[in-house]
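One structure is given below, encoded as structure tokens.
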Amino acid sequence: MQQAAADSQPPPALERWLAGPRFGPLPVRGAGHAPPALSFEFFPPKTEALEHQLWTCIRRLEPLRPRFVSVTYGAGGSTQARTHATVTRLVQETSLVPAAHLTCVGASRAEVDAVARRYWEAGVRHIVALRGDPPAGESYAPHPQGYPYAVDLVAGLKHIAPFDITVAAYPEMHPQAASRMADLDNLKRKLDAGASRAITNFFFDTSVYLRFLDLCLAAGIDAPIVPGIMPVTNLAGLRRMATLSGVSVPDWLVHMFDGLDDDVETRRMVAAVVAAEQVRLLQANGVDEFHFYTLNRADLTYSIARILGVRPQPPMAAPPPPTPSAA
Ligand SMILES: Cc1cc2nc3c(=O)[nH]c(=O)nc-3n(C[C@H](O)[C@H](O)[C@H](O)COP(=O)(O)OP(=O)(O)OC[C@H]3O[C@@H](n4cnc5c(N)ncnc54)[C@H](O)[C@@H]3O)c2cc1C
């Protein structure tokens, strides 16, 4: 009995070191390396206090010179006016390049086209084109006169003006896709219809994203598939979002946050380490573009960007607003 217990003990550390697998260190990226390209996502604020929080976040992140910043569109187009107001303020008051999220759900083509034209006229040149989700508890049905899927919206936008278009991708497959291959085929069709990159849904298992890149390459996709990074501080909120969007939450992540419900400070530190490990692993695998779901808070994104080698730059003069010519 005692012998069995001794056999089940792990070998001593030195023996493990001699016999176990070796891992190389993550590469050290010094001053000579070009920093990665970043983009940041915000949601439109509902209240004055949230508006203040958003603009504090924007001002803090602006000197990191992201490639673009995007503003989400509430489920069923519920934030249309607030998304528009936030995006236009970004055009007018910052040096940032804004991208407006736009969805197909619950609106006719004419309504969606009108929103897109207003963006073009306001100087917005980048749209994140999405199908969108139905209101909670309902299943998706295209609007009878609407764009049925994101691929149709991409094609429609290209008829309106030469927008730069980003679409969504799902390393773990979109939950309503008929199959993984059907989902990949849908992604390829969105890119072929005129989108220039995809941003992925958030994920926690880095190898899932890297395997997804292999599948994209095998499917003939050569546009950038930018990883969407979600620094997680709240497990309950994460579980809700993950269930809705078909993202798996690994046991190790649950274990790290277990028992921290009332300990905000430790949760934020754990969140920073988890996200930093994730982006460093991706960077070690050659990934040099990252999209951050900021949740309108700058601190985690700012420090993870620093770990990636991104440094604040002196302010740029805001570009003159583009002329509303091509719409
Ligand atoms: C980066 C990112 C940003 C997002 N921003 C927002 C936002 O601001 N507002 C918001 O409401 N939601 C947002 N979402 C969520 C998104 O709207 C949902 O995930 C939605 O369910 C799918 O949108 P999509 O653009 O990927 O859809 P699509 O690409 O149209 O695909 C949706 C599903 O339909 C399937 N499909 C496609 N074409 C067909 C067809 N012809 N017949 C049958 N099935 C088909 C696809 O395989 C997939 O399963 C975002 C998601 C991501 C990843």
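We count ligands from 1, going down the list as the structure has it; atoms in each ligand are counted the same way.
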Under 3.5 Å, is there a donor-acceptor pair linking the side chains of [X] and [Y]?
X: H126; Y: T166; value: yes
X: T294; Y: E41; value: no
X: S39; Y: H291; value: yes
X: Q176; Y: Y140; value: no
X: Y147; Y: D113; value: yes

Pick whichever of [options] has a heavy atom sitting closest to [atom].
atom: atom 5 (N) of ligand 1; options: M173, R180, H101, H291; value: H101
atom: atom 23 (O) of ligand 1; options: F202, Y170, Y149; value: Y170
atom: atom 33 (C) of ligand 1; options: K190, H174, R189; value: H174
atom: atom 7 (C) of ligand 1; options: F43, Y73, Y140, Y293; value: Y73

If you count the atoms of ligand 1 from 1 in the order shown, which ones are under 4.0 Å from a heavy atom of [X]?
X: A177; answer: 47 (O), 49 (O)
X: A168; answer: 26 (O), 52 (C), 53 (C)
X: A150; answer: 25 (O), 28 (P), 29 (O), 30 (O)
X: Q176; answer: 49 (O)

Could you see which bit of Y147 sits under 4.0 Å from ligand 1, with heavy atoms only: side chain, backbone, both or neither? neither

Considering only heavy atoms, does T72 approach ligand 1 within less than 4.0 Å through its side chain, its backbone, both, or neither?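 Both backbone and side chain.
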
Is the number of heavy atoms from other residues, nucleotides or ligands under 6.0 Å of R240 CZ greater than 12? no

Do R89 and W55 form a cation-pi contact, if we require the NZ or CZ to be under 6.0 Å from the six-membered ring centre and within 45 degrees of the ring's axis? yes

Pairing residues for R189 by the salt bridge (charged side-chain N to carboxylate O under 4.0 Å, His left out) criterion, not counting sequence neighbours: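 Only D185 meet the salt bridge (charged side-chain N to carboxylate O under 4.0 Å, His left out) criterion with R189.
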
Contact check, N201 vs ligand 1, heavy-atom distance below 4.0 Å: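 Yes, that is the case, since the closest heavy atom of the residue is under 4.0 Å from the ligand.
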
Give a yes or no on whether L308 and V274 share a hydrophobic cluster (residues Ile, Leu, Val, Met, Phe, Trp, Tyr; joining criterion: side-chain heavy atoms under 4.5 Å apart). no

Tell me whether L300 is reachable from F203 by hopping between hydrophobic residues (I, L, V, M, F, W, Y) whose side-chain heavy atoms are closer than 4.5 Å.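 Yes, it is one cluster - the side chains of F203 and L300 are joined through contacts under 4.5 Å.
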
Do [X] and ligand 1 have an N or O pair less than 3.5 Å apart?
X: A182; result: no
X: D183; result: yes
X: T103; result: no
X: I199; result: no

